[in-house]
2 protein chains.
Amino acid sequence: MRLTKRKIATILRQHGYKLTPQRQVVIQAITSSQDHLTPAAIYEKVHQDHPNIGLVTIYRTLEILAELELICKLHAGGSCRSYTISTPQHHHHLICSNCGTVVDFTGHNLSDLEQRLSKESRFRIDGHLLEFIGLCQACQKAP
Amino acid sequence: MRLTKRKIATILRQHGYKLTPQRQVVIQAITSSQDHLTPAAIYEKVHQDHPNIGLVTIYRTLEILAELELICKLHAGGSCRSYTISTPQHHHHLICSNCGTVVDFTGHNLSDLEQRLSKESRFRIDGHLLEFIGLCQACQKAP
DNA sequence: TGCTAAATGAAAAATATTATCATTTACATG
DNA sequence: CATGTAAATGATAATATTTTTCATTTAGCA
Ligand SMILES: [Mn+2]
Ligand SMILES: [Mn+2]
Ligand SMILES: [Zn+2]
Ligand SMILES: [Zn+2]
């Protein structure tokens, strides 16, 4: 289940961040999209209804949201600095290279592989990045 | 087996690219490092012995090498625009977050997962990105 | 050895990101 | 509800990164 605007607001406040109208607008922009969005794209989206919100505020808000893991950064589709709304549990992403739609998936466990790798390479493994890229059903049909 | 300087040169020429001294120097810089390197880092490395090679040439060379899949772009360790030498077969990466060392690994098959995802999501899956991040043995010992 | 398309480097332009600082404001407190 | 204060904002400038442009050079072929 993806995080709601409301849930994000609560977590922000729990961490001592103020719930400003600007932040609410940015959060709204992200949660209302299936897509993954760059800072510039969020700015444009937001700018239409709120022309006084600056790009800097977008950057600052994204940094906080990412730090708290309320949004996920994506790498495989286009820009390496684009974000999508997060979900509480550990998950990975499936991205449409055409329309940008992001689908979360879970249930695949990398810990076996992680153990094997750790043993073979002598690395202490701290995390991983797994994204699939492809075409969503709608984009397969379209020309 | 990682690609050698020689092998890369051959492939470049096979694709109609000229084997300029500048390109050879850039390739040398990448193949001689275990690390993953940003364009700026490659420039610095190269600049010491070849102060007349411009940063633009680095960018242009990296673009070609990446296009031909002779180098791999990495995302999980620091910059999203850093490269390491490639290997011919399909593989993934294990990256030390401290020293930047990149270890290739292979043998893990994502196609089962890919099929499951494809069926569940109705996506046509074209590719994936899998990187592990951690600490190499040397960096675990160091403070 | 010369020709030519491709490559290079210098410079500028375009983008992207971060820092600075005066002003505004969310929200805790009484 | 008014007030104080630390946090947040926006304007602007600074910095960093990447791409274009174009005159000059050169790798590789005939
Ligand atoms: Mn996600
Ligand atoms: Mn590799
Ligand atoms: Zn799509
Ligand atoms: Zn290390």
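Below, chain A is the first sequence line, B the second, and so on; all start at residue 1.
- Other residues, nucleotides and ligands contribute at most 12 non-hydrogen atoms within 6.0 Å of the CD atom of Glu69(A).
- Using the six-membered ring where Trp is involved, His92(B) and Phe105(B) have ring planes that are tilted, between 30° and 60° apart.
- Ring planes of His128(A) and His90(A): perpendicular class, angle over 60° (limits at 30 and 60°).
- Rounded to whole Å, atom P of dA10(C) lies 11 Å from atom CD1 of Ile53(B).
- For Lys18(A), whose side chain is taken as the heavy atoms from C-beta onward, the closest listed nucleotide among dT25(C), dA6(C), dT9(D) is dT25(C).
- Between Thr20(B) and dT8(C), a side-chain N or O to OP1/OP2 separation shorter than 4.0 Å is present.
- Nearer to the 5' terminus of DNA chain C, by closest-nucleotide assignment, is the contact made by Asn52(B) (compared with the other of Tyr17(A) and Asn52(B)).
- The nucleotide whose nearest atom lies closest to any side-chain atom of Gln22(A) is, among dA26(C), dG10(D), dG9(C), dG10(D).
- With Arg23(B) contributing its side chain and Lys18(B) its backbone, the two residues share a donor-acceptor pair below 3.5 Å.
- Remark: C1' of dT25(C) and CD of Gln24(A) are 13 Å apart, rounded to the nearest angstrom.
- The nearest pair of heavy atoms linking Ala29(A) to Leu37(A) is O-CD1, 3.9 Å.
- The distance from atom CG of Leu37(A) to atom C1' of dA16(C) is 17 Å, rounded to the nearest whole Å.
- Between Arg23(A) and dA26(C) there is no side-chain N or O to OP1 or OP2 distance below 4.0 Å.
- A straight line from NE2 of His15(B) to C1' of dA6(C) spans 17 Å, rounded to a whole angstrom.
- When the C1' atom of dA16(C) is taken as reference, atom OH of Tyr43(A) falls 14 Å away, rounded to whole Å.
- Classified by interplanar angle (parallel below 30°, tilted 30° to 60°, perpendicular above 60°), the ring pair His91(A)/His93(A) is perpendicular.
- Leu117(A) and Leu129(B) are not part of a single hydrophobic cluster, where members link through side-chain heavy atoms under 4.5 Å apart.
- For the pair Arg13(B) CZ and dA7(C) P, the computed distance is 12 Å after rounding to whole Å.
- dA8(D) atom C1' lies 9 Å from atom CD1 of Ile64(A), rounded to whole Å.
- Contact annotation for Pro51(B): no contact, since no heavy-atom pair falls under 4.0 Å across all strands.
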Extract from the structure each pairing of a protein N or O with an N or O of nucleotides 15-21 of chain D at less than 3.5 Å, listing the distance.
residue: dT18(D); atom: OP2; partner: Tyr59(B); partner atom: OH; Å: 2.3
residue: dT18(D); atom: O5'; partner: Tyr59(B); partner atom: OH; Å: 3.3

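- We find that NZ of Lys73(A) is positioned 13 Å from C1' of dA16(C), with the value rounded to whole Å.
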